[in-house]
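Each remark here refers to the structure printed beneath this line.
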There are 2 protein chains.
Amino acid sequence: MDYENFSKQLKAISDPNRLKIIDLLSCGTLCACDLLEHFEFTQPTLSHHMKILQEAGIVSAKRVGKWQHYTLESSFIAGFNNNVSTLFENGPECACHCKK
Amino acid sequence: MDYENFSKQLKAISDPNRLKIIDLLSCGTLCACDLLEHFEFTQPTLSHHMKILQEAGIVSAKRVGKWQHYTLESSFIAGFNNNVSTLFENGPECACHCKK
DNA sequence: ATTAAACATAGACGCTTATCTATATGAAGT
DNA sequence: ACTTCATATAGATAAGCGTCTATGTTTAAT
């Protein structure tokens, strides 16, 4: 498995505020201003977090008028779950190259 | 869900070298010197990584003579998978508090 | 055309992290 | 006792991260 790539996905997720953003988006698409209401930090900070989530392929954005609509990428979730499985399980791709 | 706690677990995992360590341990218990053979960094660096994994409850250690035997904590894996599920799924604990 | 609202970018600051070298500890063999 | 092997700790350094304030950009309404 590609540790570098999986590491980037994990780092994008492993911030408490971004975890909450993902949790919020798991219910459906939201715009930035709706997201911001759930947090104590400033708008530029949200913008920064959303950029990180987008660059990691976790969230997609779409402008609708003045608003940015953010959506969880289902393809990311599938790939992520796949990586978690192969990481913890003693599969044929295991780094130790042992016979299972 | 406890974002702070899940964030700590994720941060402990989200380093490419620690991912590889976990992958290696998914095949079974290994000592530090066996682990070290798979990496380019120095022994103190491995020691540092193992400490982080232990403090996060991901790995347990047991001295056997001169060697430290490291084992993946199955309880961690169960809890981690649980957190991943509740994060991505629109469950009753979702941060948006919407009716499902 | 102006203004206001929603969002992005730039730059700065303090904190954390991954790595290294040097050294300490601890167990086992001679 | 001394040495050797396996591992841990201490301290330093450079890079990355999360947050802020200040400012820019874009869209829509008046």
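Since the model is a prediction, treat every value here as computed from it, not as a measurement.
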With a 4.0 Å cutoff (strictly under), does any side-chain N or O of [X] reach OP1 or OP2 of [N]?
| X | N | result |
| --- | --- | --- |
| A:Thr42 | D:dC20 | yes |
| B:Ser47 | D:dA8 | yes |
| B:Arg63 | D:dA6 | no |

If you look at every strand shown and take non-hydrogen atoms under 4.0 Å, does [X] touch a base, only sugar-phosphate, or nothing?
| X | value |
| --- | --- |
| A:Leu36 | nothing |
| A:His48 | base |
| B:Ile52 | sugar-phosphate |
| A:Gln43 | base |

On DNA chain C, compare the nucleotides closest to A:Tyr70 and A:Lys11; which residue's is nearer the 5' end?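 By nearest-heavy-atom nucleotide position, the 5'-most residue is A:Tyr70.
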What is the distance from atom [atom1] of [X] to atom [atom2] of [Y], rounded to the nearest 0.5 Å?
| X | Y | atom1 | atom2 | value |
| --- | --- | --- | --- | --- |
| A:Thr29 | A:Gln68 | OG1 | CD | 12.0 Å |
| A:Glu89 | B:Asp23 | CD | CG | 11.0 Å |
| B:Leu25 | A:Leu87 | CG | CG | 10.0 Å |

Tell me the interatomic distance from [X], atom [atom1], to [N], atom [atom2], rounded to whole angstroms.
| X | N | atom1 | atom2 | answer |
| --- | --- | --- | --- | --- |
| B:Lys66 | D:dA8 | NZ | C1' | 16 Å |
| B:Phe41 | D:dA8 | CZ | P | 13 Å |
| B:Leu30 | D:dA6 | CG | P | 15 Å |

Over 60° means perpendicular and under 30° means parallel, so tell me whether B:His49 and B:Phe41 are parallel, tilted or perpendicular.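 Correct class here is tilted.
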A:Leu46 and A:Leu35: which non-hydrogen atoms are nearest, and at how many Å?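 Shortest heavy-atom contact: CD2-CB, 4.2 Å.
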Please report the shortest heavy-atom distance between A:Thr86 and A:Asn83, naming the atom on each side.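 Looking at all heavy atoms of both residues, the closest pair is OG1-O, 3.1 Å.
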Out of D:dA6, D:dA8, D:dG18, which nucleotide sits closest to the side chain of A:Arg18?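 Per side-chain heavy atoms of A:Arg18, the pick is D:dG18.
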Chain A on DNA chain C: first and last contacting nucleotide, 5' to 3', under 4.0 Å to a heavy atom?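 Span of nucleotides near chain A: C:dA5 to C:dT9.
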Looking only at side chains, do A:Ser7 and B:Ser14 share a donor and an acceptor under 3.5 Å apart?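 Side-chain D/A pair, A:Ser7 to B:Ser14: absent.
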